[in-house]
Amino acid sequence: LFTKKRLPPILLQKLTVLYEQLPKHFEKGLFSAWLSSLIARKMDFDHYAIHDVFLAGLVHDLGFIHIDPEISLADRELTPEEWRAVQGHVVVGKLVLECIPDISGNVARAVLEHHENCDSSRDPRSIIKTYILPRSNIISMVDSIYAIRVNQFEKNNYSLADIFPYLQLNYTTHSMAVYRAIYGIIKDANLARHNSSSHSSAEKYATNLLKRSEIINSVIPHLIKSLE
């Protein structure tokens, strides 16, 4: 199905721009397309739904090519206005896809919703979880896994097999069906896990955990004031 169904030329053009201007986002798209389609297959989606998930994973960050490079490529702390522009990439991506013929509306909606969680913890519009497409939740899960892989696992020589504690701590963030699917995929892959049982690793882990606890405790008073 993937080899017979060609992508529209305009979409290929935009993916080429993404590859040239934002190669890290393009790489994330490839990773997301691969793992998202595996999850969809594990969940017994039909061929057309798997194709939608594959395509949504591939283009879910396409909106970034329409955001000012001074913002999208900035290696600094963003202002609130700039951060809102970055968050708007999901809306931009949806609008772009809706203008391309032969792209399923489910793909555009999955791109729009890929930063929304079932527990509404990242959902700016407070969409009820029953209305978030399963396709969207798959892309959201994979997007989170990629961030963990790049930001933490690569520098510590971890594999995706080490993702289980993260999944267990955040199992309510995504639908149980998606959670079970990714859990089964990684478990069946028999990947080598990082050996963190040495005393030095445990000591390093405890030190990092203490630092994170101190950061959380420093933030709590500000959160209370915000709620008030």
Side-chain angles (χ1 to χ4, degrees), residues 1-2 5-41 43 45-69 71-72 83-147 150 173-175 177-178 181-182:
L1 181 63
F2 296 130
K5 191 170 183 178
R6 296 184 178 181
L7 297 179
I10 184 64
L11 186 57
L12 288 174
Q13 181 187 48
K14 289 186 176 295
L15 285 170
T16 301
V17 174
L18 185 67
Y19 170 74
E20 294 290 343
Q21 295 185 355
L22 301 168
K24 291 184 179 179
H25 286 289
F26 182 80
E27 179 187 332
K28 183 167 72 165
L30 294 178
F31 176 89
S32 300
W34 161 71
L35 188 52
S36 296
S37 57
L38 285 181
I39 294 174
R41 183 176 180 181
M43 294 172 65
F45 282 26
D46 62 34
H47 291 299
Y48 297 99
I50 293 175
H51 180 271
D52 284 351
V53 170
F54 177 90
L55 186 55
L58 183 64
V59 303
H60 74 280
D61 276 343
L62 200 63
F64 275 107
I65 66 174
H66 295 280
I67 294 176
D68 187 349
I71 298 175
S72 61
W83 183 242
R84 280 195 292 271
V86 170
Q87 290 178 315
H89 78 277
V90 297
V91 178
V92 175
K94 172 182 177 290
L95 295 175
V96 169
L97 292 171
E98 286 179 336
C99 294
I100 300 176
D102 301 325
I103 297 294
S104 168
N106 288 330
V107 175
R109 182 173 169 184
V111 169
L112 175 67
E113 296 179 347
H114 81 265
H115 279 307
E116 296 172 1
N117 294 333
C118 280
D119 60 2
S120 298
S121 60
R122 291 197 302 179
D123 179 7
R125 295 174 299 154
S126 299
I127 294 177
I128 301 174
K129 65 181 179 180
T130 53
Y131 292 105
I132 296 177
L133 289 180
R135 293 168 176 79
S136 309
N137 203 235
I138 290 175
I139 308 302
S140 176
M141 167 71 83
V142 174
D143 193 68
S144 298
I145 290 176
Y146 184 84
V150 170
T173 301
H174 306 281
S175 74
V178 174
I182 187 63

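Just so you know, these numbers come straight off a predicted model, no measurement behind them.
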Contact summary for [X] and [Y], nearest pair of heavy atoms:
X	Y	answer
Leu58	Ala33	N-CB, 3.8 Å
Val90	Gln87	CG2-O, 3.5 Å
Ala181	Ile39	CB-CG2, 3.8 Å
Ala56	Ala110	CB-CB, 3.9 Å
Val142	Ser32	CG1-CA, 3.5 Å
Val53	Ser37	CG1-N, 4.0 Å

Sub-4.5 Å side-chain heavy-atom contact between [X] and [Y]:
X	Y	result
Leu15	Leu7	yes
Ser36	His60	no
Leu38	Trp34	yes
His66	Leu95	no
Ser104	Tyr48	no
Phe64	Gln21	no
Ile139	Arg135	no

To the nearest 0.5 Å, tell me how far [X] [atom1] sits from [Y] [atom2].
X	Y	atom1	atom2	result
Leu11	Ile100	CG	CD1	4.5 Å
Leu112	Glu98	CG	CD	8.5 Å
His89	Ile71	NE2	CD1	13.5 Å
Gln13	Leu18	CD	CG	12.5 Å
His114	Asp61	NE2	CG	4.5 Å

> Should the pair Phe26 and Tyr19 be assigned to parallel (<30°), tilted (30 to 60°) or perpendicular (>60°) ring geometry?
Replying inline: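 Perpendicular, since the angle between the ring planes exceeds 60°.
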> Passes side chain to side chain contact (heavy atoms under 4.5 Å, CB included), Ser72 versus His25? Steps please.
Replying inline: CA-CA 10 Å; Ser72 61; His25 286 289; 5.8 Å; no
>> Main chain of Asn106, side chain of Asp52: is a donor-acceptor contact present, judged purely on distance under 3.5 Å?
In response: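 Such a contact is absent between Asp52 side chain and Asn106 backbone.
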> What's the verdict on side chain to side chain contact (heavy atoms under 4.5 Å, CB included) for Ser136 and Glu116, showing C-alpha distance, side-chain angles and the deciding distance?
Replying inline: CA-CA 8 Å; Ser136 309; Glu116 296 172 1; over 6 Å; no
> With respect to Lys14, which candidate in Val96, Leu97, Val59 satisfies the side-chain contact (heavy atoms from CB on, under 4.5 Å) definition?
Replying inline: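 Exactly one pass, corresponding to Val96.
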>> Please determine whether side chain to side chain contact (heavy atoms under 4.5 Å, CB included) holds for the pair Val111 and Leu62, giving the CA-CA distance in whole Å, both sets of side-chain angles, and the decisive distance to 0.1 Å.
In response: CA-CA 9 Å; Val111 169; Leu62 200 63; over 6 Å; no
> How far apart are the C-alpha atoms of Ile138 and Phe45, what are their side-chain angles, what is the distance that settles it, and do they pass the side chain to side chain contact (heavy atoms under 4.5 Å, CB included) test?
Replying inline: CA-CA 12 Å; Ile138 290 175; Phe45 282 26; 4.0 Å; yes
